[in-house]
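Computed from a predicted model, the values in this text were never measured in an experiment.
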Amino acid sequence: MPKAFVKSASLAAAVGVSLALSATPSFAADTGKITIMVGGITKMIYLPAKLADQLGYFKEEGLNVELLSQPAGVDAENELLAGAVQAVVGFYDHAIDLQSKGKEIQAIVVFGQVPGEVELVNAKSRDTIKSMADVKGKTLGVTGLGSSTNFLTQYLAAKHGLTSAQYTVLPVGADNTFIAAMKQNRIDAGMTTEPTASQLLKTGDAAVLVDLRSMDGTVAALGGAYPASSLYVQRAWLDNHKPEAQKLARAFVKTLKFINTHSAAEIAEKMPKDYYGKNKELYVQALQNSLPMYSPDGKMPVGGPETVLKVLSAFNPNVKGKHIDLSKTYTNEFVSSAAVAAK
């Protein structure tokens with residue numbers, strides 16, 4: 001088990017979810033260190049977090065950054081609300097969901113223009129599940145209840161007229177736990193990311209049902225660009241730490257530029273060896289499949305927040321019928337300044 005996960009798990013136990021639900025924002029002691037919780041640090045959708053560290057961009061900005069990991073974005077979100085971490089690398093849709101609950105969260109750098117996720121169908125269910133219209137009575141895997149994979153799974157099923165009562169959602173985590181759930185036939189289909197998707201496709205244990213790794217696939221499934229992986233913080237923290245936020249933005253804008261100007265093989269060379277283990281070729285292929293999802297500049301794509309709001313409003317009782325001020329869920333201020341400084 002990765003050390004970062006062990007450390008983050010004990011951290012979660014210490015702070016407790018109840019603190020996350022308190023009305024007043026809480027923050028860890030301001031020691032100068034910025035702790036970023038990643039919703040699954042080995043997932044390729046969140047690759048810019050580790051890559052920025054590997055490239056030395058945090059140090060170049062004079063930042064002392066610690067990266068921790070939780071298997072599901074909803075767990076990382078709770079750490080942020082509890083004040084145990086200063087920032088989260090997770091899905092942008094949490095900012096909308098949390099605003100409906102009175103929490104002010106703001107994305108300051110967008111990593112992914114699309115979800116970068118794949119709905120896979122178990123090889124043993126391929127003949128009976130041809131689309132999301134066929135998941136009635138089936139068990140669908142997600143990383144965690146309340147996670148972005150859960151949001152998207154519900155929306156894709158709802159598009160085909162299915163209610164959440166007509167299928168079962170099972171939280172199975174990510175990486176090896178997701179693979180095990182698929183191979184052990186505990187799920188008929190499930191939503192995951194790279195490199196997990198490519199591993200299951202290569203072994204023949206699964207097939208693609210819905211592909212959200214490219215803009216074309218995402219527009220076909222969701223109706224538009226769907227900003228996903230991003231760096232988000234509590235608005236109260238941001239108001240008091242703008243210099244740090246600007247440095248983080250510069251580090252990540254440089255990282256996104258590196259991704260968009262280098263090959264998958266060159267990017268893989270910069271990652272820790274334990275990220276690809278004994279199958280670097282598969283890792284490079286999975287990364288190649290993922291490259292279209294990364295933002296070139298960290299800015300929120302035009303129309304993206306509206307697409308996300310449409311998806312959440314379709315089934316999420318917290319968001320449905322609520323007034324959401326999208327302008328408060330993200331800002332391009334810091335990435336725009338980073339881009340100007342880079343010229």
Side-chain angles (χ1 to χ4, degrees), residues 1-13 33-59 63-80 84-92 94 107-112 115-117 142-144 147-149 171-179 191-199 213 228-233 248 251-252 255-256 258-259 264 267-277 279-280 282-284 286-287 290-291 293-295 298:
M1 183 178 292
K3 291 181 180 178
F5 174 76
V6 173
K7 188 171 183 179
S8 64
S10 61
L11 184 59
K33 181 174 74 174
I34 297 177
T35 302
I36 301 176
M37 183 66 75
V38 186
I41 200 164
T42 59
K43 298 176 184 176
M44 284 186 175
I45 52 174
Y46 302 141
L47 177 140
K50 188 62 178 178
L51 182 59
D53 189 36
Q54 292 292 109
L55 292 172
Y57 290 160
F58 294 139
K59 289 183 179 179
L63 293 170
N64 177 14
V65 172
E66 179 183 25
L67 298 174
L68 301 180
S69 182
Q70 282 279 15
V74 65
D75 297 323
E77 167 194 299
N78 287 333
E79 297 272 9
L80 179 72
V85 301
Q86 286 74 41
V88 163
V89 171
F91 265 37
Y92 160 71
H94 290 285
I108 60 175
V109 185
V110 174
F111 297 164
E117 295 179 332
V142 298
T143 54
S147 67
S148 298
T149 53
V172 294
D175 303 321
N176 290 335
T177 56
F178 184 94
I179 291 173
M191 187 169 289
T192 190
T193 60
E194 294 288 9
T196 305
S198 288
Q199 288 177 264
R213 292 173 295 182
S229 59
S230 61
L231 177 75
Y232 62 81
V233 299
L248 285 170
F252 283 124
T255 303
L256 291 170
F258 183 92
I259 291 172
I267 296 168
E269 282 294 326
K270 299 296 183 180
M271 301 302 290
K273 291 183 178 179
D274 60 353
Y275 273 53
Y276 48 79
N279 202 335
K280 189 174 183 180
L282 178 64
Y283 186 85
V284 171
L287 182 52
S290 301
L291 289 180
M293 75 178 170
Y294 297 112
S295 167

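Residue K43 is tested with V38, V89, T143 for a side chain to side chain contact (heavy atoms under 4.5 Å, CB included); the sole match is T143.
A heavy-atom distance below 4.5 Å is not found between the side chains of M44 and Y275. Looking at S230 and F91, their side chains never come closer than 4.5 Å, going by heavy atoms from C-beta outward. Taking the side chain as every heavy atom from C-beta outward, L248 and L231 approach each other to under 4.5 Å. Contact check for I267 versus L51: side-chain heavy atoms found under the 4.5 Å cut-off. A heavy-atom distance below 4.5 Å is found between the side chains of T149 and E117. In this structure, the side chains of F111 and M293 stay at 4.5 Å or more apart for every pair of heavy atoms.
Here F58 and F252 bring their ring centres to under 6.0 angstrom of each other.
Residues Y57 and T255 come closest through the heavy atom pair CD1-OG1, 3.3 Å. The heavy-atom pair separating Y276 from M271 by the smallest distance is CE2-O, 4.0 Å. In terms of heavy-atom proximity, F178 sits nearest to M191 at CE1-O, 3.5 Å. Pairing each heavy atom of M37 with each of A76, the nearest pair is CG-CB, 3.5 Å. Shortest non-hydrogen contact noted between S295 and V110 is CB-O, 3.4 Å.
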Evaluate side chain to side chain contact (heavy atoms under 4.5 Å, CB included) for I179 paired with Q199, printing each intermediate quantity in order.
CA-CA 8 Å; I179 291 173; Q199 288 177 264; 3.9 Å; yes

I'd like to know whether T196 forms a side chain to side chain contact (heavy atoms under 4.5 Å, CB included) with N176, so could you lay out the CA-CA distance, the side-chain angles of the two residues, the decisive distance to 0.1 Å, and finally the verdict.
CA-CA 8 Å; T196 305; N176 290 335; over 6 Å; no

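Of the possible polar contacts, one joining the S69 side chain to the I41 backbone as a donor-acceptor pair under 3.5 Å is found. Proximity of a side-chain donor or acceptor of T177 to a complementary backbone N or O of V172 within less than 3.5 Å is detected. Under a 3.5 Å cut-off, the side chain of E194 and the backbone N or O of S290 do not form any donor-acceptor pair.
Within a 6.0 Å sphere centred on NZ of K270, heavy atoms belonging to other residues, nucleotides or ligands number 12 at most. Within a 6.0 Å sphere centred on CG of N279, other residues, nucleotides and ligands contribute more than 12 heavy atoms.
For D175, the salt bridge (charged side-chain N to carboxylate O under 4.0 Å, His left out) test picks out no residue, with sequence neighbours left out. With sequence neighbours left out, S229 forms a side-chain hydrogen bond (donor to acceptor under 3.5 Å, both in side chains) with no residue at all.
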